[in-house]
Amino acid sequence: MYSYLNNYNLVYRQNEKLISDIEKAINGEYSAINCYAKLANLTSNENERKQILEIRQDEIRHFQQFGQIYVSLTGKQPQPKITEECPDVYLNGLEFALQDEQRTVDFYLEIADETTNQYIKEVFRRAAADEQNHAVWFLYYFLKAR
């Protein structure tokens with residue numbers, strides 16, 4: 001009996017952490033979606049604008065996927081909120097986006113490593129690869145703008 005309760009408590013705590021991490025990921029994607037719309041409007045370079053909007057589309061896809069996972073785990077719709085304000089100056093926004101994307105790669109890989117659910121593992125691994133790609137674009141634009 002004691003072993004069963006210990007296992008139940010362990011699984012419950014792991015599930016609560018997963019849900020909390022997914023909420024954080026949803027808020028991060030929601031914040032990025034809003035920030036990248038702002039960055040796209042701040043640049044005068046049409047190629048950069050198009051690429052930033054393409055990155056934003058990836059963030060929208062992640063947001064939707066994470067939202068579906070959240071609903072499947074909780075039975076509730078997420079209530080996303082902006083957790084970090086995007087800078088109003090283009091160069092500062094690029095640096096902000098670059099750093100955020102890099103931190104997000106590690107966070108998503110942690111989620112993938114900690115879950116036993118193969119679908120969630122794959123979604124977060126793929127999202128981590130996308131975020132790494134985004135970081136490279138933001139680094140390129142940041143270095144070019146300096």
Side-chain angles (χ1 to χ4, degrees), residues 7-146:
N7 286 342
Y8 174 80
N9 285 335
L10 179 63
V11 169
Y12 179 78
R13 280 195 309 275
Q14 286 173 334
N15 202 41
E16 286 299 302
K17 182 179 183 330
L18 178 62
I19 290 167
S20 174
D21 285 348
I22 290 171
E23 279 180 315
K24 182 178 174 183
I26 287 168
N27 289 336
E29 294 295 334
Y30 186 71
S31 298
I33 289 164
N34 286 283
C35 184
Y36 300 165
K38 182 189 256 188
L39 286 181
N41 287 327
L42 287 173
T43 183
S44 57
N45 183 305
E46 191 54 35
N47 288 333
E48 288 180 26
R49 180 184 341 282
K50 283 180 185 172
Q51 186 60 50
I52 291 168
L53 291 174
E54 190 176 304
I55 289 169
R56 185 175 180 269
Q57 281 304 121
D58 287 346
E59 305 297 9
I60 290 169
R61 182 171 36 80
H62 299 160
F63 176 79
Q64 291 169 339
Q65 289 174 321
F66 300 168
Q68 290 168 346
I69 291 168
Y70 182 85
V71 169
S72 74
L73 293 173
T74 67
K76 299 182 291 194
Q77 288 294 325
Q79 303 296 314
K81 55 186 176 283
I82 293 178
T83 52
E84 294 181 282
E85 285 301 320
C86 187
D88 291 324
V89 176
Y90 185 60
L91 187 63
N92 297 347
L94 291 173
E95 184 176 22
F96 171 83
L98 166 61
Q99 290 176 359
D100 183 62
E101 294 285 336
Q102 282 297 114
R103 280 191 304 271
T104 301
V105 171
D106 292 337
F107 179 54
Y108 288 177
L109 289 175
E110 280 176 31
I111 293 172
D113 287 346
E114 291 174 1
T115 187
T116 57
N117 180 300
Q118 286 306 114
Y119 175 73
I120 295 172
K121 190 179 287 289
E122 184 55 36
V123 165
F124 276 90
R125 280 201 179 131
R126 175 59 211 217
D130 289 344
E131 302 298 319
Q132 187 66 64
N133 185 38
H134 300 163
V136 172
W137 279 111
F138 286 126
L139 177 61
Y140 171 63
Y141 296 141
F142 177 74
L143 291 174
K144 221 173 91 170
R146 284 184 66 189

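- Rounded to the nearest 0.5 angstrom, Lys24 NZ and Asn27 CG are separated by 10.0 Å.
- Counting heavy atoms from C-beta on, the side chains of Tyr141 and Thr43 never come closer than 4.5 Å.
- Here the straight-line distance linking atom CG of Leu42 with atom CD1 of Ile52 works out to 8.5 Å at 0.5 Å rounding.
- The main-chain N or O of Asp100 is found under 3.5 Å from a side-chain atom of Thr104 such that the two form a donor-acceptor pair.
- The stretch residues 27-42 participates, sequence neighbours left out, in these salt bridge (charged side-chain N to carboxylate O under 4.0 Å, His left out) pairs: Lys38-Asp88.
- With contacts defined as side-chain heavy-atom distances shorter than 4.5 Å, the pair Val71/Pro78 qualifies.
- Residue Tyr70 is tested with Gln65, Glu23, Lys76 for a side-chain hydrogen bond (donor to acceptor under 3.5 Å, both in side chains); the sole match is Glu23.
- Here the side chains of Leu18 and Ile120 are in contact, with some heavy-atom distance below 4.5 Å.
- In this structure, the side-chain hydrogen bond (donor to acceptor under 3.5 Å, both in side chains) partners of Gln132, at least two apart in sequence or on a different chain, are Gln102.
- Nearest heavy-atom pair across Ala135 and Leu98 is O-CD1, 3.2 Å.
- Atom-to-atom distance recorded for Ile55:CD1 and Gln51:CD is 5.0 Å, nearest 0.5 angstrom.
- Counting only residues at least two apart or in different chains, salt bridge (charged side-chain N to carboxylate O under 4.0 Å, His left out) contacts with residues 137-146 comprise Glu48-Lys144.
- For the salt bridge (charged side-chain N to carboxylate O under 4.0 Å, His left out) test, residues two or more places apart in sequence or in another chain that qualify with Glu114 are Lys17.
- For the pair Gln99 and Arg103, the minimum side-chain heavy-atom distance is below 4.5 Å.
- When every heavy atom of Arg56 is checked against every heavy atom of Ala37, the shortest pair comes out as NE-CB, 3.5 Å.
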Go through it in stages, so that I can follow the logic: the residues are Arg125 and Glu122, the test is salt bridge (charged side-chain N to carboxylate O under 4.0 Å, His left out), and I'd like the CA-CA distance, side-chain angles, deciding distance and then a yes or no.
CA-CA 5 Å; Arg125 280 201 179 131; Glu122 184 55 36; 5.4 Å; no
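- For Asn34 (side chain) and Tyr30 (main-chain N/O), a donor-acceptor pair under 3.5 Å exists by modelled atom type.
- Atom OH of residue Tyr90 and atom CD of residue Glu95 lie 13.5 Å apart, to the nearest 0.5 angstrom.
- Residue pairs that meet the ring-ring contact (aromatic ring centres under 6.0 Å, His included) test with at least one member in residues 95-121, sequence neighbours left out, are Phe66-Tyr108, Tyr108-Phe124.
- Residues His62 and Glu59 bring a donor and an acceptor atom of their side chains to less than 3.5 Å of each other.
- Here the closest non-hydrogen pair linking Ala128 and Val105 is O-CG2, 3.6 Å.
- Applying the salt bridge (charged side-chain N to carboxylate O under 4.0 Å, His left out) test to Arg61 and every residue at least two apart in sequence or in another chain returns Asp58, Asp130.
- Atom OG1 of Thr115 is separated from atom CG of Asn15 by 8.5 Å, given to the nearest 0.5 angstrom.
- When all heavy atoms of Ile82 and Ser31 are compared, the pair lying nearest together is CA-OG, 3.3 Å.
- Counting only heavy atoms from C-beta outward, the side chains of Leu53 and Tyr36 never approach each other to under 4.5 Å.
- Interatomic distance, CD of Glu54 versus CG of Asn133, reported as 8.5 Å (0.5 Å rounding).
- Here the closest heavy-atom approach between residue Gln79 and residue Gln77 is recorded as NE2-O, 3.5 Å.
- Residues Cys86 and Leu39 share a closest heavy-atom pair of SG-CG, 4.4 Å.
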